[in-house]
Participant: 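Dropping a structure here in structure tokens format, bear with me for questions.
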Amino acid sequence: MSRDTDLYEAIYAIVRLIPKGRVTSYGAIAAAIGMKSGARVVGYAMNHCHGVKPGVPAHRVVNRNGLLTGKHHFGTENEMQRLLEKEKIRVAEDKVQDFEKIFWDPAKEITEL
DNA sequence: GCGCTGACGGGAC
DNA sequence: TGTCCCGCCAGCG
């Protein structure tokens with residue numbers, strides 16, 4: 001991985017690795033790529049996910065509080081929640097229910113990276 | 001080329 | 001236990 005978008009590619013790769021019915025946080029992804037304090041950069045990368053080749057399931061990425069902070073960037077606010085509910089993920093008040101239970105740790109799966 | 005903002009996180013009060 | 005403030009990296013005006 002020696003591309004110019006190495007940072008973004010790593011983030012997109014991790015987000016794409018998120019299993020169906022599971023969610024993760026920006027900080028977890030940031031830590032997985034070595035940016036423990038780069039949670040903002042991860043979120044910013046998601047902002048650029050529009051137009052990405054395979055399509056990044058950004059709807060599975062929420063903040064540390066489990067809140068759908070970026071739902072507003074999906075075009076429609078109900079789009080993100082609808083996708084999550086389609087994944088059998090409980091969503092109420094724009095926040096993921098049982099977030100800690102369905103939480104998927106990327107660093108735990110990409111530990112070899 | 002400088003400064004601000006932004007889909008966040010964590011520590012301090 | 002909850003809320004506020006500061007810190008971080010990168011893109012854009």
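Everything numeric in this text was worked out from a predicted model, so none of it was measured. Chain identifiers are assigned alphabetically (A, B, ...) following the order of the sequence lines, protein sequences preceding nucleic acid strands; residue numbering begins at 1 within each chain.
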Participant: Clusters formed by hydrophobic residues whose side-chain heavy atoms approach within less than 4.5 Å: which one holds Leu67(A), and what are its other members?
Facilitator: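 Hydrophobic cluster check, Leu67(A): no partners found.
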Participant: Below 4.0 angstrom, which residues in residues 73-97 of chain A have at least one non-hydrogen atom near DNA chain B?
Facilitator: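 Close to the strand are His73(A), Phe74(A).
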Participant: At under 4.0 Å between heavy atoms, what does His72(A) touch on the DNA or RNA strands: base, sugar-phosphate, or nothing?
Facilitator: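 The residue His72(A) makes no contact with any strand.
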Participant: Determine which pairs satisfy ring pair (Phe, Tyr, Trp, His ring centres under 6.0 Å) with at least one residue from residues 49-89 of chain A, sequence neighbours left out, and list them in order.
Facilitator: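 Not a single pair qualifies under ring pair (Phe, Tyr, Trp, His ring centres under 6.0 Å).
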Participant: Who pairs with Glu79(A) by side chain to side chain donor-acceptor pair (under 3.5 Å), at least two apart in sequence or on another chain?
Facilitator: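 Expected list: Arg82(A).
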Participant: Are Thr69(A) and Tyr26(A) close enough that some pair of their side-chain heavy atoms sits under 4.5 Å apart?
Facilitator: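 Yes, close enough: below the 4.5 Å cut-off.
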Participant: State which residues pass side chain to side chain donor-acceptor pair (under 3.5 Å) with Asp94(A); sequence neighbours excluded, sorted by chain then number.
Facilitator: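 Asp94(A) satisfies side chain to side chain donor-acceptor pair (under 3.5 Å) with Lys71(A) once adjacent residues are dropped.
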Participant: Near DNA chain B, which residues from residues 17-29 of chain A have a heavy atom under 4.0 Å away?
Facilitator: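 DNA chain B contact set from residues 17-29 of chain A: Ser25(A), Tyr26(A), Gly27(A).
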Participant: Enumerate the salt bridge (charged side-chain N to carboxylate O under 4.0 Å, His left out) contacts for residues 58-69 of chain A, please, sequence neighbours excluded, ordered by first and then second residue.
Facilitator: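 Qualifying pairs: Arg60(A)-Glu87(A).
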Participant: Can we say Lys108(A) and Asp105(A) salt-bridge, meaning some charged N sits less than 4.0 Å from an Asp/Glu carboxylate O?
Facilitator: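 Salt bridge between Lys108(A) and Asp105(A), a charged N being under 4.0 Å from a carboxylate O: no.
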Participant: Count the heavy atoms belonging to other residues, nucleotides or ligands that lie under 6.0 Å from CG of Asn47(A), then report whether that count exceeds 12.
Facilitator: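 Yes, the 6.0 Å shell around CG holds more than 12 heavy atoms from other groups.
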Participant: Could you check whether any side-chain heavy atom of Gln81(A) comes within less than 4.5 Å of a side-chain heavy atom of Leu68(A), counting everything from C-beta outward?
Facilitator: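 SC-SC contact between Gln81(A) and Leu68(A) confirmed.
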Participant: For Ala28(A), enumerate each residue passing the side-chain contact (heavy atoms from CB on, under 4.5 Å) test, keeping only those at least two apart in sequence or located in another chain.
Facilitator: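 Only Thr24(A), Ser25(A), Phe103(A), Pro106(A) meet the side-chain contact (heavy atoms from CB on, under 4.5 Å) criterion with Ala28(A).
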Participant: Please list, in 5' to 3' order, the outermost nucleotides of DNA chain B lying under 4.0 Å from any heavy atom of chain A.
Facilitator: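 Using the under 4.0 Å cut-off, the span is dG6(B) to dG10(B).
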Participant: Less than 3.5 Å apart, which donor and acceptor atoms pair up between the side chains of residues 13-23 of chain A and the rest of the protein, not counting sequence neighbours?
Facilitator:
{"unit_1": "Arg16(A)", "atom_1": "NE", "unit_2": "Tyr12(A)", "atom_2": "O", "d": "3.3"}

Participant: Is the closest side-chain heavy-atom distance between Tyr44(A) and Tyr8(A) below 4.5 Å?
Facilitator: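 Result yes, sub-4.5 Å side-chain heavy-atom pair found.
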Participant: Would you say the side chain of Met46(A) lies within less than 4.5 Å of the side chain of Ile29(A), judging by non-hydrogen atoms?
Facilitator: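 With C-beta onward as the side chain, the pair stays apart.
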Participant: I'd like the 5' and 3' limits of the part of DNA chain C contacted by chain A, with heavy-atom contacts below 4.0 Å.
Facilitator: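 Counting from the 5' end, contacts occupy dG7(C) to dC12(C).
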Participant: Show the numbers, then the answer: is there a side chain to side chain contact (heavy atoms under 4.5 Å, CB included) between Ile89(A) and Val96(A)?
Facilitator: CA-CA 7 Å; Ile89(A) 298 175; Val96(A) 180; 3.6 Å; yes
Participant: Going by heavy atoms closer than 4.0 Å, what residues in residues 34-47 of chain A are next to DNA chain C?
Facilitator: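 Contacting residues: Met35(A), Ser37(A), Arg40(A), Val41(A), Tyr44(A).
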Participant: Report yes or no: does Asp98(A) contribute a side-chain atom to a donor-acceptor pair with the main-chain N or O of Lys101(A) at less than 3.5 Å?
Facilitator: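 Not at all, since once roles are kept as given, no pair shorter than 3.5 Å links the two residues.
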